[in-house]
Number of protein chains: 2
Amino acid sequence: MSTHPGNDAASPSLESEYIAEVLSAVENRAGESRASIARLLGLSRTTSSKIVSQLIDLKLLVEKNLLREGRGRPGMLLDLDTSTWRAIGAEYHSGRWTFVETDLKGNILRTSSLKVARGADPDTFLDGLAKGLGEFSANATGELLPTFGVGAPGLVDCDRGVILRADDLGWKNVRVAEFVKKKLGAKVLLINRNRGAGLAEARFGAGRGVHQMVYIGIGTGISAAFMIDGKLVHGSLYSAGEIGHIAMDTQGPVCGCGKRGCLHVYASGWAIARRAAALMEQGRESSLAAGGKRSEPLTGEEVCVAAAAGDGLALECVQDAAAKLGLAVANIITTFNPDKVVIGGPIGLINGPLLDTLRAEAERWTMPHAFQAAKIERGALGESVGAIGGACLVLDRKLSLVASVRGR
Amino acid sequence: MSTHPGNDAASPSLESEYIAEVLSAVENRAGESRASIARLLGLSRTTSSKIVSQLIDLKLLVEKNLLREGRGRPGMLLDLDTSTWRAIGAEYHSGRWTFVETDLKGNILRTSSLKVARGADPDTFLDGLAKGLGEFSANATGELLPTFGVGAPGLVDCDRGVILRADDLGWKNVRVAEFVKKKLGAKVLLINRNRGAGLAEARFGAGRGVHQMVYIGIGTGISAAFMIDGKLVHGSLYSAGEIGHIAMDTQGPVCGCGKRGCLHVYASGWAIARRAAALMEQGRESSLAAGGKRSEPLTGEEVCVAAAAGDGLALECVQDAAAKLGLAVANIITTFNPDKVVIGGPIGLINGPLLDTLRAEAERWTMPHAFQAAKIERGALGESVGAIGGACLVLDRKLSLVASVRGR
DNA sequence: CAAATTTGTCAAGTTTCTTTACAAATGTCT
DNA sequence: AGACATTTGTAAAGAAACTTGACAAATTTG
């Protein structure tokens, strides 16, 4: 036994091209042993064993209990090592930074959040991120992977870590990665927050094990993420999934983008709130009007909650939105043929009438075989899903990150 | 020098994991030498050289002229060897089998076609395929890769080589691969003909070098193929791309599928022909009516040709179809953010007013940045593109196929 | 024409993976 | 219970693949 565990001179070499394959075999399947991995990847037991022991030394894998099945000596069950490495992810949403710390399996170990002025300027946004990351990472429960994953609003250049534009906030060219590098000396992997949420749901949530997944995030705006065989579809300029502005009706009302009949004007949180406010303005009764004059403007979430509680006006607004969403989802199902459609976002996660209407309308406008293939479900990771998505980006690179920490 | 070139005892071993990478480096780039490949893949010149000589022995690569650039000894320019190996692809379309023989670069060396009864039963269809393949492959101009690539109508199970269903023909579970295996003893790679066409355009046609491509095939029906980073998107049950039945207007006319307002009822060849016929029935004048009573029903292609020639009625029909196509393309661009949209199929390839209208309407219904990224162009491979797509499937596996022929 | 540079190949050396062998741990059959 | 078959994990020896270092060949530059 070594007296200096792990970090000593006899540290593993990490030269095999099969290391990543072995790791992902353990990650994506359950109940693998050294021998079963060897069979799976077409390697000898010796090689599999050697790689596994390297990964154990790196604290990426652990041996669990014995695998009793069939005859012969039982194998050692392998699993991701959740004891040591930690990933930190962040997401900005509604004027608030959310931070999560996860283990290698994406389990949330710790959360924190930091309020900044809603609709703030990019500088406030960036300062909040750096401050939050600095404080949050100081209290890590394990060894940190040396990169932060960040989910941001707007059109994101993932390669350069820049928010190219966030139209609803009026931002342009916000260089997030560069800022954090300067402020904290740490690397940032940036992604659009809804794409990050889709990634997280695909890896750890409602889309686990699904090969063709569509995530639809419904909040103030609407956008989607396409996960095909474990990979996120970015598109040419990172705007794949921006379904908020698909044209639903060429005769429809004018949208903020200048076009008519965008999905956004029918089904976003913004649209739901506006519609409810307009109906109340016309004198329609609703529980939403209780308490007289409001200080803050009505939100889509509030309307959805009221609808779930049975408010007639709210129900009407939500169901109309859900019907349009259902039609959009139908066309996405027809176009993509996914195995699963995951509905998320602040609006999508509310346990109300939205999902049933959406599902019924999606069925109405799709071919039966495509609809049956596509299970439509709510997201399973809750509110901080976007931050988990950031952590996912870090976890996807854990191998190279660990290698670089260990100073290969 | 060996007296038995290629096939003798000293045949190459094909064990390196870099063989495929070297081959695709030469394939997808131009002007590579042994040394430049070594740099590209991070290999030593020795290894690169060894692999290249193996590939030359296998007749997959050839040395061309010298590469004079910069100082130093010029490298040997490498290229795919077009002298030996041949791929055969087939496509069924409008009651006709088309066969193509290509070299490793997808160049068409020979074509043939075989008419079978239009709207024939599956048996006639299969007999025609086996007969055609048998005769066509007998006259090969080189050594055949031992597999045929076949583009077929309908929903195709690529793994098992079965047409699961072709609704417009009324077929179900047509086991193409099994039939050809029995009849000719040869393996078949089956694909939907429009997906095959998309594959071919991405590899050898208008989508060369494009990372995010959408192919839209417009014939009697409409369907699409999505090529993301060189890979075709199949979807969960191989129906990704079946955009003929996306809902364009919930108030629209009833479609054959039972729903309302499908793209198919507005913009397919079937729809264009029906619309033109209806207008003429109402007494509208058109060059299409010349020659009195017709024996065959009017086709969408005829209307498009008449529109290109300036016929007013035809122009109206084509432009209305193109406008709906443009709207559909707009939503696809918004959703996918492609670099290029390739318009193909019997209708899409006709050099008439369709493309301009489609492009204008697509621009009208997309965000500027997404539209600008997506160049909309006609297919570059002509009518037999589906058959070339079949050949593509074979070429994509050339390495393993050649290895198996050489009896590794 | 010499010097510098780059290519392609050979021989020798290193690393990685496999083969062969064996102890250890289990189920099965008698 | 005990012999036997089966499977796992590891170690030592061997094979295969890739790299290093060296060198002739082919070019540009000065």
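Only a predicted model underlies this, so the values are computations on that prediction, with no experimental measurement involved. Note that these values count all heavy atoms, side chains included, but never hydrogens, waters or copies made by symmetry. Chain letters run A, B, ... following the sequence lines, proteins first and then strands; every chain starts at 1.
Taking atom CG of residue B:Leu41 and atom C1' of nucleotide D:dT19, one finds them 15 Å apart after rounding to whole Å. As rounded to whole Å, 18 Å separates atom C1' of D:dT19 from atom CD1 of B:Ile37. Remark: P of C:dA25 and CD of A:Glu63 are 13 Å apart, rounded to the nearest angstrom. Atom OH in B:Tyr18 sits about 11 Å away from atom C1' in D:dT19, given to the nearest Å. With rounding to whole Å, B:Leu43 atom CG is found 10 Å from D:dT19 atom C1'. A:Ile19 has its CD1 atom 13 Å from the C1' atom of C:dT15, to the nearest Å. Atom CD1 in B:Ile51 sits roughly 14 Å away from atom P in C:dG8 (whole-Å rounding). One interatomic measurement links the two molecules: CD of A:Gln54 to P of C:dT16, which rounds to 8 Å at whole-angstrom precision.
For B:Ser49 and C:dG8, the shortest distance from a side-chain N or O to OP1 or OP2 is not below 4.0 Å. OP1 or OP2 of C:dT18 has at least one side-chain nitrogen or oxygen of A:Ser44 nearer than 4.0 Å.
You'll find the side chain of A:Ile88 stays beyond 4.5 Å of the side chain of A:Leu145, heavy atoms only.
Using a cut-off of 4.0 Å between Lys/Arg side-chain N and Asp/Glu carboxylate O, A:Lys398 and A:Glu27 are scored as salt-bridged. With salt bridges taken as basic N to acidic carboxylate O contacts below 4.0 Å, one links B:Glu32 and B:Arg29. Note on B:Asp229 versus A:Lys231: no salt bridge recorded, every NZ/NE/NH1/NH2 to OD/OE distance being 4.0 Å or above. Between A:Asp79 and A:Lys105, at least one side-chain N (NZ, or NE/NH1/NH2) sits under 4.0 Å from a carboxylate O, which counts as a salt bridge.
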Listed pairs, N/O of protein and of nucleotides 3-7 of chain C, under 3.5 Å:
residue, atom, partner, partner atom, Å
C:dT5, O2, B:Gly72, N, 3.4
C:dT6, O2, B:Arg73, N, 2.8
C:dT7, OP1, B:Arg39, NH1, 3.2
C:dT7, OP1, B:Arg39, NH2, 3.3
C:dT7, OP2, B:Arg39, NH1, 3.3
C:dT7, O4', B:Arg73, O, 3.2
C:dT7, O2, B:Arg73, NE, 3.4
C:dT7, O2, B:Arg73, NH1, 2.6

Anything under 3.5 Å between a protein N or O and an N or O of nucleotides 11-14 of chain D, put it in a table, one pair a line.
residue, atom, partner, partner atom, Å
D:dA11, N6, A:Thr46, OG1, 3.0

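Partner of A:Met227 under the side chain to side chain contact (heavy atoms under 4.5 Å, CB included) criterion, chosen from A:Val233, A:Val342, A:Leu199, A:Val210: A:Leu199.
Using a 4.0 Å heavy-atom criterion, one finds that B:Leu67 contacts no nucleic acid atom at all.
Other residues, nucleotides and ligands contribute more than 12 heavy atoms inside 6.0 Å of the CZ atom of A:Arg110.
A donor-acceptor contact closer than 3.5 angstrom is absent between the side chains of A:Thr102 and A:Arg86. The closest side-chain donor-acceptor pair between B:Ser49 and B:Thr46, if any, does not fall under 3.5 angstrom.
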